**Q** 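What follows is a structure written as structure tokens; I'll ask about it next.
Small disclaimer: the values here were computed from a predicted structure and weren't measured.
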Amino acid sequence: MMWEPELPRPLPACILQEVFSTAPIYDLILCDLSPRTLVWLSRTCRRAHEAVTYFTRRAYNINRHLSRYFPDPLAFRSLQARTGLVISGSNALQFLDRSFYPESDLDLYAHPGHVYEALEWLDSVGYKFQPESWQQQDWHDEVSADWDGTARRVDRHGQMMINHEPNMEYSDVAGVYTFKRSVAMDTETVVLKVQIIATKCNPIQTITQFHSTCVMNIITFNAAYSFYPVATFEERMAIQIPGSNQLDAVAKYVQRGWRVYAVFGPEHAARPQLFLLDEKRWVGDRHCWSIPLDTTGVTPRPQLSISSEHFSWDPSIENGWIMECGGYSTATHVPKIRTHLVMITIFRYNYSYPDDKLAKAIRDWSLSQGQLNHTQLTRQNWIWCVHLYPNDTSH
């Protein structure tokens, strides 16, 4: 008779209870689990749920994450709250992935009209401007403090009325401002690099045009979001977005463990949850991985004007996109991310929508309010509209 190995016996419930009651033990287990596996584990029993909750709270501690760059993370997050400044790129990916790339920098995406304040704040905490060859030595000569949000933002042909610097790798970027600071860490001196990316429309519009989907993740003052979490963190795969001219960046993420595809293949068609083709998406929708962040100590956004309704959320969640598949054969099933812009002066911020009809309806609706604002109001008492409500995750 052939020998048959004995099946492993399940651990006694008391041992499992003890494991999930002792943080030093369960941390060693949970640190190697993917986000989706953590969620599944948390649903098995009350003690596992508590362990995952406490682990997640520590693993996604945004103040600790930002302390590498800023001595006072709450001051930086307060800057985010009042300006809508968004963290993206490799730093947001590292935060969500619980990983660390020592050579990476911190990329901050700024709305029009908030670039000056962001640069001024970096200057105040010890960072020094490192101009490119085409930039002035003093960043004050590059960026104006006087941004007029009541001035027309698009011409009659629908083109954005904004100047931009040469050599921009993304057409949605108006300028990039690099700052560095030397700090002592352990036994060595480390040079930290922070870049402020001035966007033409808004940060989300720029981020959805990135070189690949694995870096479509953001951190606002009150939450972190991954736009394609299943593909990015469970399958470690990404789709390259044509037109970004960032082939070196794509290669960098391949070296970090992501499989990057240039076109959609049979695997992607069979698993629609990976990239959600032809589905209207919004920041923070049910397909995003959303992590609420503790905002204790963060100073909220001030009122835009005495006559404007106050809003406390980040404007990023009012934006959306849709990923489409172009081409007529398997070899040409290339991805395309489409957005429809709303850049009108009754809104403090610009928005990008996945739905052309919705964008047109909002533009049409704004005509009457815009006429009132432009004929009877000044910049000081301008009525900024804030409630769009296209996305039911907004409030």
**Q** Using the salt bridge (charged side-chain N to carboxylate O under 4.0 Å, His left out) criterion, which residues pair with Asp355? Sequence neighbours excluded.
**A**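 Residues passing salt bridge (charged side-chain N to carboxylate O under 4.0 Å, His left out) with Asp355: Lys280.
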**Q** Going by ring pair (Phe, Tyr, Trp, His ring centres under 6.0 Å), name the residues that satisfy it together with Tyr225, two or more places apart in sequence or in a different chain.
**A** none
**Q** Please check this pair: side chain of Thr208 against backbone of Met216, looking for a donor-acceptor N/O pair closer than 3.5 Å.
**A**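 Here the side-chain-to-backbone pair does not exist.
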**Q** With Gln303, which residues qualify under side-chain hydrogen bond (donor to acceptor under 3.5 Å, both in side chains), at least two apart?
**A**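 With sequence neighbours excluded, Gln303 shows a side-chain hydrogen bond (donor to acceptor under 3.5 Å, both in side chains) to no residue whatsoever.
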**Q** What residues, two or more places apart in sequence or in another chain, satisfy side-chain hydrogen bond (donor to acceptor under 3.5 Å, both in side chains) together with Thr345?
**A** His374
**Q** Does Arg363 have any salt bridge (charged side-chain N to carboxylate O under 4.0 Å, His left out) partners at least two apart in sequence or in another chain, and if so, which?
**A** none
**Q** In chain order, what residues pass the ring pair (Phe, Tyr, Trp, His ring centres under 6.0 Å) check against His114, with sequence neighbours excluded?
**A**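 For His114 the ring pair (Phe, Tyr, Trp, His ring centres under 6.0 Å) partners, ignoring immediate neighbours, are Tyr349.
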**Q** Which residues pass the ring pair (Phe, Tyr, Trp, His ring centres under 6.0 Å) test with His287, not counting sequence neighbours?
**A**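 For His287 there are no ring pair (Phe, Tyr, Trp, His ring centres under 6.0 Å) partners, ignoring immediate neighbours.
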**Q** Is a side-chain donor-acceptor pair under 3.5 Å present for Thr299 with Arg82?
**A** no
**Q** Who passes salt bridge (charged side-chain N to carboxylate O under 4.0 Å, His left out) against Arg46, sequence neighbours left out?
**A** Glu50
**Q** Under the salt bridge (charged side-chain N to carboxylate O under 4.0 Å, His left out) test, which residues partner Arg58, sequence neighbours left out?
**A** Asp27
**Q** Where is the tightest heavy-atom contact between Arg98 and Cys31, given as atom of each residue plus distance?
**A**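 Where Arg98 meets Cys31 most closely, the heavy atoms are NH1-O, 3.2 Å.
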**Q** Students often mix this up, so state it plainly: with edges at 30° and 60°, are the rings of Tyr351 and Phe347 parallel, tilted or perpendicular?
**A**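 Perpendicular.
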**Q** Applying ring pair (Phe, Tyr, Trp, His ring centres under 6.0 Å), name anything that partners Phe95, two or more places apart in sequence or on another chain.
**A** Tyr60, His65
**Q** Please list, chain by chain and in numerical order, all residues satisfying side-chain hydrogen bond (donor to acceptor under 3.5 Å, both in side chains) with Asp105, sequence neighbours excluded.
**A** none
**Q** Show the atom names and distances, to 0.1 Å, of all donor-acceptor pairs under 3.5 Å that link a side chain in residues 37-44 to residues at least two apart or in another chain.
**A**
from	atom 1	to	atom 2	distance (Å)
Thr37	OG1	Ser34	OG	2.9
Ser42	OG	Val39	O	2.6
Thr44	OG1	Leu41	O	2.7

